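Take a look at the structure set out below.
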Amino acid sequence: MKPALGHQIILFLPVAVVAVFWLSSIVERRRGGGPRKPGFVARNGPVIATYLVVAVALWAVVMIVLPQLFMVELSFRPKLPPARVGDPDDVYTLENYRYFLFGSTTSTASWNSVHINAFISTIVISILITIFDLVICYPLAFYMAHVARPARLRMLLLLLIAPYWVNELLRAFAFRIIFATSGLINRALMAIGAVAEPIDFLGRDIGLYAGLSYAYLLLMIFPLYNTIENLERAQIEAARDLGAPWWRIHRDIVLPFARPGIASGCTLVFMLTAGALAAPLVLGGPRSLWFTPIVYDRFYQAFNWPQGAAYAFILLLACIAIVLAVLRLFRLSLGEITR
Amino acid sequence: MSAACARRWLIRFYLVLFFAWLFGPLAVMGVTAFNTSAYPQAIPFEGFTLDWFAALARDRDLVYGLENSLRIGVFVVLVSVPVGLAGALVMQQIHARARSLYYLVVVSPVLTPGVIIGISTVIFWRDLATAAGARFLYDGVVLTVLGQSSFISAWCMLIFLSRLQRFDRAIEEAALDLGAGRTRVFFDILLPFLRPAVLSASVLAFLSSFENYNTTTFAILADKTLTTVLAGRTRSGATPAISALAVTIIAVTVAGAAVYEVLKRRETAREAAGKRAAVRTEAGEVLVPS
């Protein structure tokens, strides 16, 4: 199959899906028993109906679905100079995925260990950071929802939101000032004589991990707080009156109730951490390997867009897999976590 | 010491620790903006200076990037708020069988890493602009607005959906019974009801656009925004001018947050007044339309 045909299929696909649903709804209305519901246009009036259809079609199809499909399509194509696109050798290929696994054909190593290691460590470390964020945010979320008085709560909410409006890059930069070889911690350590030589926190990625676990705390706090707040205080009091120790109250009542909040906080934090670009750029040492900067370099250092698209797609697949795994683990649907 | 007392101190200790972690880094960075030392350092404090702020204003790239970011932010609000509203209204009316697919599609940008949104936007519009012969579409500002709006619209939609849950359809029915057209009902009943959500969505859209880096760095192509210039600066070497920029941004956003808070309070007060008026009407007074 030629890539030109691939594009046509991709452009046709969303139209076909919409048409199928539209036809099925018409058929259903023709057959339908019970009271007749007014159609879409009758219900909204022609002006508003046009606005709704045009806006949603542009958004869902042109801004969301088609770009993703085009990216996936490009990832299966060879890297060619613009003049030779459409030539006989512009055919679909798995070369870009092969490169991710086995590296350049001229290399002697059997695996592309640099990229695979970076990918796996990005996923594993993102999971660890997500768990760490959950652990440190849960007590605060519970405190805000059930212990704090209204005035104190308002102040806490404001304090929590404030740092979040500071740019991600600048937050990472703040960590650089603290963890650099001539940064705050090293100067303090040397001043009190704890170490003779500065410790290379950035080279060992300690700065990066600290910065990443700081970066998305808020997106853990708010979903947790929102769900825990809905828990009836009477339930906790009943358990306490029946003599339950504090840890059992949390294990058997609060935590199960907070499931949707935990799941939504974890998916958001994981996704943002694994896809983080600012913190690895600013805080990454010379040898640190986060996957997103590698994707970035495929585009702007190697100028190999098809390969960059393949790497981006691999990252996307990993994120989808993790989101699905979290939903499975917590037995939830997507609608319940994006509330 | 009693157990309850110990627990209270433990909570206090934890809160202090948490907020120290949250504000410590920003405070350290803030101090470095006023230190004369050429390397951004908090200790030793060599002397107080405002030179780093002056250096900011002289930085042409940064000022240009800032202007571009503001422009993009305004466009993103103009696209995302109407699109998010349409998305929410369609969500309420769409045929049940298509709803879960529709939901999956429009919420997916929230759960997609920003770099991937940027990459896919660039790839798609490059091909489309070439095929359609419309090169002007393949422009950094246009692509950034489109890329950012794809997920910011989803956030806006979620805001509108939560507000719409409290919308009383009976008011709409009443207006229709009184002879108002569908379009009129939309502008005179639905939009005024959604006003607070429109305000929240606009603020959120502008700020998310302004501070976005992951999507922007791809979508902006050869052009510049504040965040991409900033990324270049932080990579090429640390200077206290960056800290000065951070202090400026914090000052502006705190001021902005204060204004937003005041507007929101006023809105809540207006709504409360409206409710009181409605209750009075129900109690038998005649409402004279003004």
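Model, not experiment: these values are computed from the prediction. Below, chains carry the letters A, B, ... as their sequence lines are ordered, and counting in each starts from 1.
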- Side chain, backbone, both or neither: which part of B:W125 has a non-hydrogen atom closer than 4.5 Å to chain A? side chain
- Task: For residues B:L190 and B:V185, determine if any side-chain heavy atom of one lies less than 4.5 Å from a side-chain heavy atom of the other.
- Result: no
- Contact part of A:F313 toward chain B, heavy-atom cut-off under 4.5 Å: side chain, backbone, both or neither? neither
- Item | Carboxylate-amine/guanidinium proximity below 4.0 Å for B:E172 and B:R169 | yes
- Message: Quick check on the 6.0 Å ring-centre criterion: do B:F218 and A:Y296 meet it?
- Response: yes
- Item | Per-residue contact mode, A:I178 against chain B (heavy atom under 4.5 angstrom) | side chain
- Contact part of A:A276 toward chain B, heavy-atom cut-off under 4.5 Å: side chain, backbone, both or neither? backbone
- Message: Please classify the contact between A:I322 and chain B as side chain, backbone, both or neither, with a heavy-atom cut-off of under 4.5 Å.
- Response: neither
- Task: Could you tell me which portion of A:I161 (side chain, backbone, both or neither) has an atom closer than 4.5 angstrom to a non-hydrogen atom of chain B?
- Result: neither
- Item | Interface moiety of A:Y214 toward chain B, non-hydrogen atoms closer than 4.5 Å | both
- Between A:V53 and chain B, which part of the residue has a heavy atom less than 4.5 Å away: side chain, backbone, both or neither? neither
- Item | Heavy-atom contact with chain A under 4.5 Å, split by part of B:S100 | neither
- Part of A:L74 lying under 4.5 Å from any heavy atom of chain B: side chain
